[in-house]
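Per chain, numbering begins at 1; letters A, B, ... match sequence-line order. Keep in mind that the numbers below use all heavy atoms, side chains included, and drop hydrogens, waters and symmetry copies.
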Amino acid sequence: MSHVNSTVFTIVVAVFILVTGIGFAASRWRRTQDMMHLNEWGLAGRGFGTFITWFLLGGDLYTAYTFIAVPALVYGSGSIGFYAVAYTIVAYPIAFIFLPRLWSVSHVHNYVTPADFIRGRYGSRGLALSAAVTGILATMPYIALQLVGIQAVLTVMGVGADTTNTYLKDVPLFVAFVVLAIYTYLSGLRAPAAIAFVKDTIIYVFVIVAVFYIPAKIGGWSHIFGAAQTHFTSTNPATGKPFGTFLPTTKKVGSTQLDFVTLALGSALALFMYPHVITGTLAARRRGAIKRNMSLLPAYSVVLALIALFGYMAVADPATVASVKKTGNAQLSVPYLFQNHFPSWFTGVAFSGIIIGALVPAAIMSIGAANLFTRNIFKEFFKPDATPRLETRVSQWASLVVKLGALYFAVELPKTFSINLQLLGGVWILQTFPMLVGGLYTRWFHRFALIPGWLAGMAYGTLAAYNTSSPTASHWASSSDIVFGFSLYIGISAFILNLAISVVLTLVLRAFKVPEGPDETLPRHFTVEATDTPAKERASVTAGEARPAPGV
Amino acid sequence: MTESAAAPSGPGSTAASPEVRRNPVSTHPIASLLIGLLLLASIFFALYVPLYGRLTPKVGAWPFFYFYLLAFMPVMAVVLWVVTLLQRRFDTEAGGPR
């Protein structure tokens, strides 16, 4: 491995070993008598306070997508990439409105997954299944994207550059992921929660240093913004159009203001639908911890905004532009930017931050997806009398399978495909919004109306994404398409279709007095604070509580 | 609301009688309105791009669009903190936990 800088490599390996140690040791953290319960393995005992929840959710929400894909989008297209900044601003007030209610009802009924709530609220196995399947489908490519992020860092480090064998090239990735899979299997959610402390500390340090250090080295902020403006407004000779936009335009089509707003809003609505984010939320001990976190998490959004700006720094730095051009992969822009300007030891710190930044969410995502499989597919349809012990065992194995599946995705499929799938995942997961958030406020929606609405949203979203094209790609080119002459985010148009069908069919089904199904929740369950009742005593609450639905 | 008599044996039933805790929105109409307005306004001003999608006035070297987005983060944190404090008054005054 002659291309590898030994300082960078040593630091990355050292941090990885440290984190692995923490991951294994975490199984003893806040230990209780019976670890073989999903409340323990999958939700770390539901006992995290405000402080740990902040690290856990921060480590969970800001993934390799943030560190690699967002600046890559900014590097490639300009201002539209900043939708991610607007989206992380509005995600918190939106979540502040409904997330405490989801926490409370899940606390009372011991729900582990969002689909558990849907099952209890609407008394519909089919509806819960649709939520579970959507969650798993949307999470898999998201995990694969974490691996793509690690690959980007390893590529710039020069690891595996001497070999042309795909499998040999990906050995470090394989090792990292198998180790991650083993300690997640053993420690459950405790592992990523403990590692999140290391991750977030490294990220904060390197981002704050980079944001002062790199502009000073490459000519200051006015040079950075000036160079970006010049680049994105100049014409690309290959397409005859500008390279991108420096501000969202007021036109009808392209990177418009409407496109920007719908991307931001749609992504913000989708964010807290993801199973891994709900897993992080339900691990909190108190309802108040969730609310306080909504006002503390914007600290991470500042970091995200600065990371997005790394994309412009890369554009303004000729050395980085040259490196990226050689590989033809915009995702390498930030790793190259660091390597070109930081001393090797600090590059090592930054790269290890990005790598752990991918491992923490990957672990939580696999736990969230595994819990969905166990609770809403395995237990619901195959083994209704599964003991907590068996449930935990199944979840442990499912988390392994999910990670191996994602590894296969990342190694076998072209990288652009993973990113497109991830964009599609956002469109998909948004389609569970009416049933989940709608259900937190009202039983008005009919269960048999929500299913066709969901199906229509999924089908439309997938088809619309398939049909987008660009000069370089005939399909899956974008997450926005043109509706009635305006560019807007596919997730939003699919969501509107979904909602419209759900509303119309609910009116019809109610007119025909089709049975609504039992509802095991009560209005006051949605505002309950933490109680002193230990989780184990609540374990049986979900069973046999089904009662006729009260009128709305 | 007769169904509360047949409530599940969850922790809710062991807490102070639920019917004593009235709906916070009806007991604190002005604070609730304020919370609603604060949340809606913060979402609106973050998303309404025509308001801030321009180059000038520049703040230092930063075009307005980029400065505005960055400056909105601490504003949002403060707004949500204020809302949390307002809501806590609901709990304590209604005699609920904490």
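- The main-chain N or O of B/Leu80 is never found under 3.5 Å from a side-chain atom of A/Ser295 such that the two would form a donor-acceptor pair.
- Between chain B and the residues A/Ala305, A/Ala308, A/Ser301, A/Ser222, the largest count of heavy-atom pairs under 4.5 Å involves A/Ser301.
- Both the backbone and the side chain of A/Ser79 have a heavy atom closer than 4.5 Å to some heavy atom of chain B.
- Between B/Phe64 and B/Tyr68, the ring planes are tilted. Angles from 30° to 60° get that label.
- With a threshold of 4.5 angstrom between heavy atoms, B/Tyr48 does not approach chain A through any atom at all.
- Proximity to chain B is limited to the side chain of A/Ile97, based on heavy atoms less than 4.5 angstrom apart.
- The contact between B/Tyr52 and chain A is made entirely by side chain atoms (from C-beta outward), counting heavy-atom distances below 4.5 Å.
- Among all heavy-atom pairs drawn from A/Ala284 and A/Thr53, the shortest one is CB-OG1, 3.9 Å.
- The parts of B/Leu55 that come within reach of chain A are both its backbone and its side chain, each placing non-hydrogen atoms under 4.5 angstrom from that chain.
- Taking chain A as the reference chain and counting heavy-atom pairs below 4.5 Å, the highest number among B/Leu70, B/Leu69, B/Leu39 is found for B/Leu69.
- Ring-centre distance between A/Tyr75 and A/Phe310: not below the 6.0 Å cut-off.
- When the candidates B/Ser42, B/Gly53, B/Gly36, B/Pro74 are compared by the number of heavy-atom contacts under 4.5 Å with chain A, B/Gly53 comes out ahead.
- In this structure, no portion of A/Ile224 lies under 4.5 Å from any heavy atom of chain B.
- Within a 6.0 Å sphere centred on CZ of A/Phe98, heavy atoms belonging to other residues, nucleotides or ligands number more than 12.
- Contact annotation for A/Tyr300: neither backbone nor side-chain heavy atoms come within less than 4.5 Å of a heavy atom of chain B.
- In terms of non-hydrogen atom pairs under 4.5 Å with chain A, the most contact-rich of B/Thr84, B/Val79, B/Val75 is B/Thr84.
- Ranked by heavy-atom pairs under 4.5 Å with chain B, the list A/Ala268, A/Ala264, A/Ser104, A/Pro298 is led by A/Pro298.
- Under the 3.5 Å distance criterion, the side-chain polar atoms of A/Trp54 are matched with a main-chain donor or acceptor of A/Leu296.
- Panel note: side chain A/Arg287, backbone A/His107; no donor-acceptor pair is recorded below 3.5 Å.
- Not one N or O on the side chain of A/His231 forms a donor-acceptor pair closer than 3.5 Å with the backbone of A/Ala228.
- A donor-acceptor pair under 3.5 Å is absent between the side-chain atoms of A/Arg101 and the main chain of A/Phe526, judged by distance alone.
- No other option in A/Phe82, A/Tyr83, A/Tyr92 has as many heavy-atom pairs under 4.5 Å with chain B as A/Phe82.
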